[in-house]
Number of protein chains: 2
Amino acid sequence: MRRRRSTHETVRIQDVARHAGVSPMTVSRALRQPDKVSEAMRRRVEEAVSAIGYLPNRIAGSLSSSRSNVVALIVPSLRNSLFANTVQGISDVLHAAGHHLMIADSGYSLADEEAAIAAMLQQRVCALVLHNTRHTARATSLMKRAGVPVVEIGTLTPDAFDINISYSNHDAAKAMTLHLARLGYRRIGLVTLPLADNDRSIERRAGYLSALGELGLAPDPRLMLELPGGIGSGAEAVARLAQGDPRLDAIFFAGDVLAIGAVLECQRRGWPVPGRLAIASFDDVDILRYMRPAVTSVRIPRSEIGRRSAEILLERVGGRAAAPVTVDLGFEIVQREST
Amino acid sequence: MRRRRSTHETVRIQDVARHAGVSPMTVSRALRQPDKVSEAMRRRVEEAVSAIGYLPNRIAGSLSSSRSNVVALIVPSLRNSLFANTVQGISDVLHAAGHHLMIADSGYSLADEEAAIAAMLQQRVCALVLHNTRHTARATSLMKRAGVPVVEIGTLTPDAFDINISYSNHDAAKAMTLHLARLGYRRIGLVTLPLADNDRSIERRAGYLSALGELGLAPDPRLMLELPGGIGSGAEAVARLAQGDPRLDAIFFAGDVLAIGAVLECQRRGWPVPGRLAIASFDDVDILRYMRPAVTSVRIPRSEIGRRSAEILLERVGGRAAAPVTVDLGFEIVQREST
DNA sequence: CCGAGCTGTGGTAACGCTACCAGACCTTTC
DNA sequence: GAAAGGTCTGGTAGCGTTACCACAGCTCGG
């Protein structure tokens, strides 16, 4: 039977074979395992390939070999530039190994994450990288059944599904809170992103509370705020927290670019930072170092997380050991002028 | 012949068919064209699917139907958050249509872009989105032969390959330069990202020069700088340009976050902005609006570019008209305190 | 100088799905 | 009441590649 849906006639491996006067099998080998064919053959095939402009069909290859060279990455949002470093790290390593990256976002929703996981598994990706560590039951079951390696990178968790490469959001937030206390601040506010479906935010708040407990300070709801990301939110947080408790002496912004907005808001109000209010941030984005005052922050090895994830995945896909792995890449408190 | 490479036995459409007591063809139809089967059949198949946990294999589907639901996107860098909005825009629209996104970066190199294009075409993506408008000869030939729709989104160009959805970098840079002149500035510096392999930077400089010509101002090499992106570069630019020409009264930063660094550097030096030096930026990132002084900028419809690209691609993939298309989504000068 | 052990090549049968056609069954029409 | 048409289902033959085996030709040791 003949069927032709496209007007473009594709060049198949069969065509290369005919042109070179060999079998398709030999062409396939010459391209994928050059050391398995004679030198002369390799050259002959290469010439035929470029003569007729052959581009191997990886769809067919994947189907036949049951091996894919595509890794799926699912992040809460593509807009967030924090993930950008991780994405670049993953991409760099994958690219060097001849693999590719398929990206989807879950929009900070577990239901959407489940849908994305299902979609990616339908594409038969060879591995999954997830930013979340919480998943719906069906998502977990899907992944289990698919049997592909899964890396979770958003935070360290004791209940990792398979491979877990990250840092502890809990410990990082706790460390920063303790750091602020050590500097003498006592009324420390906390601003997080929305907690719903977001294990990182939840962990960070837990870390903050744990630090307060250790310090013998009572948590105060008036000092804790949950706001969507964005610079505007940072400004808003300053207003609301300061009004809620006039003795407020520091705010720890545990997410996104909130702290930037806060510093700018203080400038606008003429409040000296840290004289009137100390400000600390999470995720050491470039600009914090350049601001005036330069902003204290927790530095997360975003890029390294991406690179290591890809490396470990590639090992797994390559058929190496299949034991669960946890890698703690740590964090670092960067003390600057704002605290 | 039996072959089993994975230890995970996959569930095939055949299994669903057996379980539901129908033919594989009917299962296939029930899943993809529910209106082509009876209501009772649809339900029966759905039950079988969830009973045995069937996840369609899109690899096999694509091979069989010669149709892919994956779109490739190639950007210069994944790190740059400017692209993030575009990526999100594309992703949103594709997702709603059941398509997926494969992403690669060219590292600002035409050679790498060519390699990425080849790799994506091997994956038999159904369409290509490129940020560049310049390509190697082989890249162009590859795309021509592949016959898939291609959208270029980096800038408007008269030599678009196929579909071109963007804004004019030339006109935007020219407009901002004229705007600065209209405000009274006469010694206007220009800072761009490296010009090599970067058509956007080249266009922006051309636009700047064109504006100077129209104004009867002579271009001065001491006023033009080419720097890598980053906040640090912005600070460096202030130092170098001011030293090169003490009469410098404005700088147009035609790329990235350079302007932010410049404003912060002026704060550090105690230079009033715009009193001592006016500063204008390209790409209206959130923070510019919140800075003190708020920074004048060119606003580019990044997200809209992504959305429209995806929409037009989907139309094409769906089999609609195949005429080259150009869409100018324009830009906007946002005047603020810094100029 | 013959069989064992390489190396290099080719033939065949999948991989899991869908396009296409055929045909069973039911409704409509004159 | 039979032909014409519609709706629904199934069988067959690929899609373009690769895994597996077979085997030809050659080298080498006893």
Side-chain angles (χ1 to χ4, degrees), chain A residues 1-6 8-18 20-45 48-49 52-69 121-124 126 146 319, chain B residues 1-6 8-18 20-45 48-49 52-69 121-124 126 146 319:
Chain A
M1 200 205 303
R2 254 296 93 91
R3 38 174 182 173
R4 184 103 300 155
R5 258 129 356 241
S6 159
H8 274 262
E9 62 295 330
T10 31
V11 179
R12 303 179 310 280
I13 202 172
Q14 174 71 55
D15 304 318
V16 181
R18 195 167 21 235
V22 297
S23 80
M25 231 6 265
T26 301
V27 174
S28 178
R29 264 191 294 254
L31 294 175
R32 294 180 307 126
Q33 320 167 36
D35 50 326
K36 293 278 184 185
V37 301
S38 67
E39 177 60 17
M41 179 61 80
R42 197 185 53 66
R43 237 193 314 270
R44 205 157 111 215
V45 168
V49 164
I52 66 179
Y54 170 65
L55 217 51
N57 184 330
R58 283 291 313 154
I59 296 276
S62 293
L63 178 60
S64 180
S65 65
S66 311
R67 260 186 280 103
S68 153
N69 62 344
L121 291 177
Q122 291 193 19
Q123 302 289 335
R124 293 300 189 268
C126 64
Chain B
M1 199 205 301
R2 258 286 98 89
R3 38 174 181 172
R4 183 104 300 154
R5 254 118 18 230
S6 160
H8 275 262
E9 62 295 331
T10 32
V11 179
R12 303 178 307 282
I13 202 172
Q14 173 73 53
D15 304 318
V16 181
R18 194 165 24 234
V22 297
S23 81
M25 228 10 262
T26 301
V27 175
S28 177
R29 263 190 296 252
L31 295 175
R32 296 179 305 125
Q33 320 166 36
D35 50 325
K36 292 279 185 186
V37 301
S38 65
E39 179 59 18
M41 179 61 82
R42 197 185 54 65
R43 237 191 314 269
R44 202 155 117 218
V45 168
V49 164
I52 66 179
Y54 170 65
L55 216 52
N57 184 330
R58 282 292 312 156
I59 297 276
S62 293
L63 178 60
S64 179
S65 65
S66 312
R67 260 186 280 102
S68 154
N69 61 345
L121 291 178
Q122 291 192 22
Q123 302 287 338
R124 293 300 188 268
C126 65

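Numbers restart at 1 for each chain; the letters A, B, ... are given by sequence-line order, proteins then strands.
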(Q) How close do A:Cys126 and A:Ser68 get, counting heavy atoms only, and between which atoms? (A) CB-O, 3.4 Å
Q.
What is the distance, to the nearest angstrom, from the CZ atom on B:Arg124 to the P atom on D:dC15?
A. 14 Å
Q | Euclidean distance, atom CZ of residue B:Arg67 to atom C1' of D:dG16 [Å, nearest integer] | A | 17 Å
Q | Within residues 25-44 of chain B: residues closer than 4.0 Å to DNA chain D (heavy atoms) | A | B:Met25, B:Thr26, B:Arg29, B:Val37, B:Ser38, B:Met41
Q) Does some side-chain heavy atom of A:Tyr54 sit less than 4.5 Å from a side-chain heavy atom of A:Ile13? A) yes
Q. For the residue pair A:Ala20 and A:Ala48, what are the closest heavy atoms and their distance?
A. CB-CB, 3.8 Å
(Q) Is any side-chain heavy atom of B:Leu55 closer than 4.5 Å to one of B:Val11? (A) no
Q: Starting at atom CD1 of B:Ile13, determine the distance to atom C1' of D:dG11, rounded to an integer number of angstrom.
A: 14 Å
(Q) If you only use heavy atoms from C-beta on, which nucleotide in D:dG16, C:dG16, D:dG11 is closest to the side chain of A:Asn57? (A) D:dG16
Q. Below 4.5 Å, heavy atoms only, C-beta onward: do B:Met25 and B:Val27 meet side chain to side chain?
A. no
**Q.** Whole-Å distance separating the CG atom of B:Leu63 from the P atom of D:dT17
**A.** 9 Å
Q) Does the base of D:dG14 carry an N or O that pairs as donor and acceptor with the side chain of B:Ser64 under 3.5 Å? A) yes
Q: Quickly work out the B:Ile59 CD1 to C:dT18 C1' distance and round it to whole Å.
A: 15 Å
Q: Starting from C1' on D:dC15, measure out to CZ on B:Arg58 and report it in whole angstrom.
A: 13 Å
(Q) Starting the side chain at C-beta, find the nucleotide from D:dA19, D:dT17, C:dT18 nearest to A:Ser65. (A) D:dA19
Q. Does a side-chain heavy-atom distance below 4.5 Å link B:Asn57 with A:Gln122?
A. no
Q.
Less than 4.5 Å apart, side chain to side chain, heavy atoms only: is that true for B:Gln123 and A:Asn69?
A. yes
Q) To the nearest angstrom, how far is B:Gln14 atom CD from C:dC17 atom C1'? A) 11 Å
(Q) Using whole Å, what does the distance between atom C1' of nucleotide C:dG10 and atom CZ of A:Arg18 come to? (A) 16 Å
